[in-house]
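Notes to accompany the following structure.
Counting starts at 1 for both ligands and their atoms, following the listed order.
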Amino acid sequence: MKFAKRLDAVPPYLFAELERKVSEAEKAGVDVISLGIGDPDLPTPPAVIDALAEAARDPRTHQYPTNHGTEEFRAAAADFYRDRFGVELDPRGELIPVLGGKEGVGHIALACLDPGDVCLAPDPGYPPYTSGPVFAGATVHYLPLREENGFLPDLDGAPDAKLLYLNYPNNPTGATAELDFFEHAIQVARERDLIVVHDNAYSEVAFDGYRPPSFLEAEGAKEVGVEIFSLSKGWNMTGWRTGLVAGNPEIVERYRQLKTNLDSGMSEAVQHAAAVALTAEREFPREVSEVYARRRDLLATGLREVGPEVNVPRATPYFWVAVPEGHTSASFTELLLEQASVLVSPGDSYGPNGAGYVRLSLTVPDSRLEEAVDRMTRALVIIQS
Ligand SMILES: *Cc1c(COP(=O)(O)O)cnc(C)c1O
């Protein structure tokens, strides 16, 4: 059989070898705790589940959804953006449901990029910022996120391009950005005719009273770009595939055209449930954030006891930790797996500039996290002595 080359053009899946080691260890009876993936362990709010069940009994939801999104969903999303961010969105043309933020990230590249175009993507960054543009035939130019710059990219030094992905609060670094950074991105985008796609998966997962801004709050954002918002992390809905693209009406319309050709949109029963999340369950992400804040403090205390300065995140369920002297991301990941039976993500799986870091996720039950911290601190104390 002969296949398309585009799948060979995306970077190899760096977890493959690790997954093999984990399953080997598990087969040998070792209890491995995974802090590797960022998939919330807690359930979706009950009111959202009830809303889905109710909507699923309505035969109208058994038919094709409209590819614009239901009026209910669009109104709920526009109201949420107004109340949460002070952003006005026209529900008739400035937003559309997407089947999760990942679908939005990938397909926006197909809607906006041609073969030969250049796309700017943060490094380290979420892997679809590479695969989406590569599938569109575009070239990805990585913008390094360096610790000394607060993990913000140097936009002035970036080459000319057609599309720029940004993502704050950031995965994997846990870094946050303020409005002045977004305003600068908009200025650069205007000067260079650049489309800005801000991936906002984590604005609702934040701690100590901090409320991360939306890109669309920045003056002129709607002229140059869109924001992709996801319900996955804030409402524990990764399995539901719910999010939206909002902002520039021309981009939203191009995106809608693409989706009309590839999928037929989000089930209207799921749209109803998502609308309930964005209205009746608005406070839910704060409860989720409180759980992560407790876990964050637990992990921070544990890590500090044995070693390096850690950047304690203000948002996102992630710790981005520099590996000890003499280690690489891979060797430190292996060491934690072998000595502590704890799995973390090697930083370079998010791009070349992730080298020298590992990512730890807080998405495991408290008792498991406590156990993981215990095992890691014991292993690290032994190594240091
Ligand atoms: C989790 C995540 C998303 C959204 O995921 P979906 O489940 O597809 O909505 C988007 N971007 C980043 C950076 C993420 O970490």
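Residues Asn311 and Glu147 have side chains that bring a donor and an acceptor to within less than 3.5 angstrom of each other.
Close approach of ligand 1 to Ser232 (heavy-atom distance below 4.0 Å) involves ligand atoms 6 (P), 7 (O), 9 (O). Each of the atoms 2 (C), 3 (C), 10 (C), 11 (N), 12 (C), 14 (C) of ligand 1 lies under 4.0 Å from some heavy atom of Ala201. The Arg241 neighbourhood of ligand 1 comprises atoms 6 (P), 7 (O), 8 (O), with distances under 4.0 Å to a heavy atom of that residue. Short contacts between ligand 1 and Gly100, defined as distances under 4.0 Å to a heavy atom of the residue, involve ligand atoms 8 (O), 9 (O).
Between Asn167 and ligand 1, a contact under 3.5 Å exists for no N or O pair. Residue contacts with ligand 1: Glu103 is placed with no nitrogen or oxygen under 3.5 Å of a nitrogen or oxygen of the ligand (distance criterion only). Of the N or O atoms in Lys102, one or more lie within a sub-3.5 Å distance of an N or O in ligand 1. Below 3.5 Å of separation, one finds an N or O of Gly101 facing an N or O of ligand 1. Residue-to-ligand polar distances place Ser230 within reach of ligand 1: an N/O pair is separated by less than 3.5 Å.
When Trp240, Tyr126, Tyr202 are ranked by how near their heavy atoms come to atom 15 (O) of ligand 1, first place goes to Tyr202. With Thr238, Thr316, Asp199 as candidates, the residue nearest to atom 10 (C) of ligand 1 on a non-hydrogen basis is Asp199.
With respect to the salt-bridge test (charged N to carboxylate O, under 4.0 angstrom), the residues Arg378 and Glu305 do not qualify. Salt bridge present: Asp31 and Arg368 bring a charged side-chain N and a carboxylate O closer than 4.0 Å. Salt bridge status for Arg286 with Glu204: absent, with no side-chain N to carboxylate O gap under 4.0 Å. A salt bridge links Asp41 with Arg295; the closest basic N to acidic carboxylate O contact falls under 4.0 Å.
With a 4.0 Å heavy-atom cut-off, ligand 1 is reached by the side chain of Tyr129 but not by its N, CA, C or O.
Note: Phe85 and Tyr81 have tilted aromatic rings, judged against thresholds of 30 and 60 degrees for the angle between ring planes. Aromatic ring orientation, His198 versus Phe215: tilted (interplanar angle from 30° to 60°).
Nearest protein neighbour of atom 1 (C) of ligand 1, counting heavy atoms only, is Lys233 NZ, 1.2 Å.
For Tyr168 and Phe181, the distance between ring centers is under 6.0 angstrom.
Heavy atoms of Met237 come nearer than 4.0 angstrom to ligand 1 in no pair at all.
Here Leu216 contributes atom CG and Glu94 contributes atom CD; the two are 9.0 Å apart, rounded to the nearest 0.5 Å.
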